[in-house]
Amino acid sequence: MRFGIHTIDEFDVQGKTVLCRIDINQPIDRENGTLKSISRIKACLPTLIELSQRGARLVLLAHQGSDIEYKNFYTTKPHAKVLSQLLSREVGFIDDVCGPAAREAIKNLKDGDILLLDNVRFCSEEQTLFEMHLKLSHAQQAQTQVVSKLAPLADLYVCDAFAAAHRDQPSLCGFEQVLPSAMGRLFEQEYCVISELMENPKRPCVFVLGGAKISDAFLMMETVLKNSVADTVLTGGLVANIMLAANGEEIGSGSREFIHKNGFDDFIEDAKQLLTKYPQKIVLPSTLAYIENGQRKEAPPDLLPADASVLDIGSQTARHYADIIKDAKTVFVNGPMGVFENPQTQDGTKIVWDALAQTEGYTVIGGGDSITATAKYDATDRIDYICTGGGALIRFLSGEELPVVKALRYAAEAFK
Ligand code: ADP
Ligand code: MG
């Protein structure tokens with residue numbers, strides 16, 4: 001038991017049917033079904049290997065394609081192929097989630113076998129729209145098709161999908177109502193790293209917050225400053241632009257329009273409050289980069305052209321951030337410092353990411369684009385921990401109890 005949740009070593013799984021929810025949702029080429037990254041698939045291998053070697057009949061539940069746009073969904077068949085290659089053994093696949101074909105395939109499993117079911121989001125009750133509109137309780141989720149058809153075939157439910165732990169959906173929160181449940185090894189590890197970061201960071205602890213997911217960044221900033229987790233917050237990306245605007249500084253009409261167009265105006269008020277409460281802890285860029293006549297230019301806010309769009313932090317600011325990162329004992333990063341996809345506006349991100357690779361401090365990175373930047377700047381092996389979770393990580397850092405954590409804790413109490 002850890003964090004009030006069972007771990008997989010507590011259960012004898014020999015000959016038992018184990019339903020394991022994983023998160024292997026990855027960017028995919030929809031033309032030919034090629035996965036553009038397999039990092040999440042690799043990350044869940046330890047749990048699968050452990051359970052299978054201990055003789056479990058393993059049934060994997062997963063989704064592919066995100067959220068609200070139904071057209072994003074894709075079969076998990078390619079994932080089964082990748083799993084087979086990575087494990088050097090056959091991982092079965094069935095193009096069904098909880099219908100008669102899937103149930104028959106589950107009943108035919110032998111000890112140690114692994115079977116991946118098709119995309120759980122092909123069931124409407126697994127979709128985010130369904131989640132947002134119906135807001136089913138966990139007890140109600142246990143009545144859905146996915147849970148009511150599959151749970152009777154299983155002895156244990158394992159959740160290893162930390163990256164989806166902020167979702168309140170039946171395949172994540174419903175099985176815990178009716179089956180003994182445990183978290184998988186990846187879930188355990190991510191939970192452990194992040195709670196250590198929140199409860200006991202080595203100091204100085206620096207948060208680097210950039211990117212474009214403003215509401216997440218502000219929620220996180222508020223929490224880590226309020227709880228005194230962060231000693232310093234270095235800002236970049238759109239987060240910094242909004243902070244600068246709140247501080248009464250110039251960011252150019254292009255940036256202001258961008259903020260307005262994306263509905264972020266209200267965050268300027270939030271930013272003002274944060275700056276008033278924590279003036280010593282939040283660091284804003286003193287130089288900014290923009291494009292003029294196709295060239296990268298840099299200037300302090302008061303010297304920006306009136307119509308500028310700020311697309312990166314200036315290199316002087318980036319070097320200042322790099323010094324702070326190199327002196328830190330803990331660094332958490334979410335969100336790039338600029339539009340790093342464009343070579344002309346990548347310098348800020350590159351300089352900061354090089355510092356992350358070099359610092360002696362403990363480094364943790366989360367967020368899809370931040371991980372892409374980490375690979376782009378060859379820092380992957382030099383970052384101490386790369387979280388597979390984006391949304392879940394941020395909500396955890398914002399101090400919320402994640403729905404899946406709540407569900408797993410419930411099961412630990414209900415099935416002693
Ligand atoms: P992550 O995926 O790491 O959580 P986000 O999704 O929040 O990060 O932000 C990444 C995106 O932010 C990138 O696509 C990047 O181009 C964009 N971005 C960074 N800086 C700016 C900026 N100044 N203006 C507009 N977009 C930006
Ligand atoms: Mg992103």
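Atoms within a ligand are numbered from 1 in the order they appear, just like the ligands themselves.
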Any atoms of ligand 1 less than 4.0 Å from a non-hydrogen atom of Gly335? List them with their elements.
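Under 4.0 Å from Gly335, ligand 1 has these atoms: 3 (O), 8 (O).
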Does ligand 1 have a heavy atom under 4.0 Å from the side chain of Asn241, from its backbone, from both, or from neither?
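It is the side chain that touches ligand 1; the backbone stays farther off.
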At what distance is the nearest protein heavy atom to [atom], and which residue and atom is it?
{"atom": "atom 3 (O) of ligand 1", "value": "Ser370 OG, 2.5 Å"}
{"atom": "atom 16 (O) of ligand 1", "value": "Glu341 OE1, 2.7 Å"}
{"atom": "atom 10 (C) of ligand 1", "value": "Asp369 OD2, 3.5 Å"}
{"atom": "atom 26 (N) of ligand 1", "value": "Val339 CG2, 3.8 Å"}
{"atom": "atom 24 (N) of ligand 1", "value": "Leu238 CD1, 3.8 Å"}

With 2.8 Å as the threshold, which protein atoms of type N, O or S lie near the Mg ion (ligand 2)? Leave waters out.
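Result, waters dropped: Asp369 OD2.
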Assess whether a salt bridge exists between [X] and [Y], defined as any Lys/Arg side-chain N lying under 4.0 Å from an Asp/Glu carboxylate O.
{"X": "Asp323", "Y": "Arg319", "answer": "no"}
{"X": "Arg296", "Y": "Asp312", "answer": "yes"}
{"X": "Lys281", "Y": "Asp231", "answer": "no"}
{"X": "Glu50", "Y": "Arg54", "answer": "yes"}
{"X": "Glu222", "Y": "Lys277", "answer": "yes"}

Under 3.5 Å: N/O of [X] near N/O of ligand 1:
{"X": "Phe340", "result": "no"}
{"X": "Ala212", "result": "yes"}
{"X": "Lys213", "result": "yes"}

Counting heavy atoms only, which of Val333, Ile313, Val310, Ile214 is nearest atom 23 (N) of ligand 1?
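Shortest heavy-atom distance from atom 23 (N) of ligand 1: Val310.
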From atom 8 (O) of ligand 1, work out which of Pro336, Gly338, Gly367 has a heavy atom at the shortest distance.
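Looking at heavy atoms only, Pro336 sits closest to atom 8 (O) of ligand 1.
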Please tell me whether His6 and Phe11 form a close aromatic pair, meaning their ring centres lie under 6.0 Å apart.
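Under 6.0 Å, so yes.
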Taking the six-membered ring for Trp, are the ring centroids of Tyr191 and Phe396 within less than 6.0 Å of each other?
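That pair passes the under 6.0 Å test.
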Measuring from Arg185:CZ to Ile8:CD1, what's the distance to the nearest 0.5 Å?
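It is 4.5 Å, given to the nearest 0.5 Å.
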Near Gln85 CD, under 6.0 Å, is it more than 12 heavy atoms from other residues, nucleotides or ligands?
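More than 12 within 6.0 Å, yes.
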Between Glu176 and His138, do the side chains contain an N or O donor and an N or O acceptor separated by less than 3.5 Å?
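Side chains of Glu176 and His138: no pair found under 3.5 Å.
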Residue among Thr232, Thr235, Val206 satisfying side chain to side chain contact (heavy atoms under 4.5 Å, CB included) with Val283:
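The option that passes is Thr232.
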Under 30°, 30 to 60°, or over 60°: which ring-plane class applies to Phe218 and Phe267, parallel, tilted or perpendicular?
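Aromatic pair Phe218/Phe267 classed tilted.
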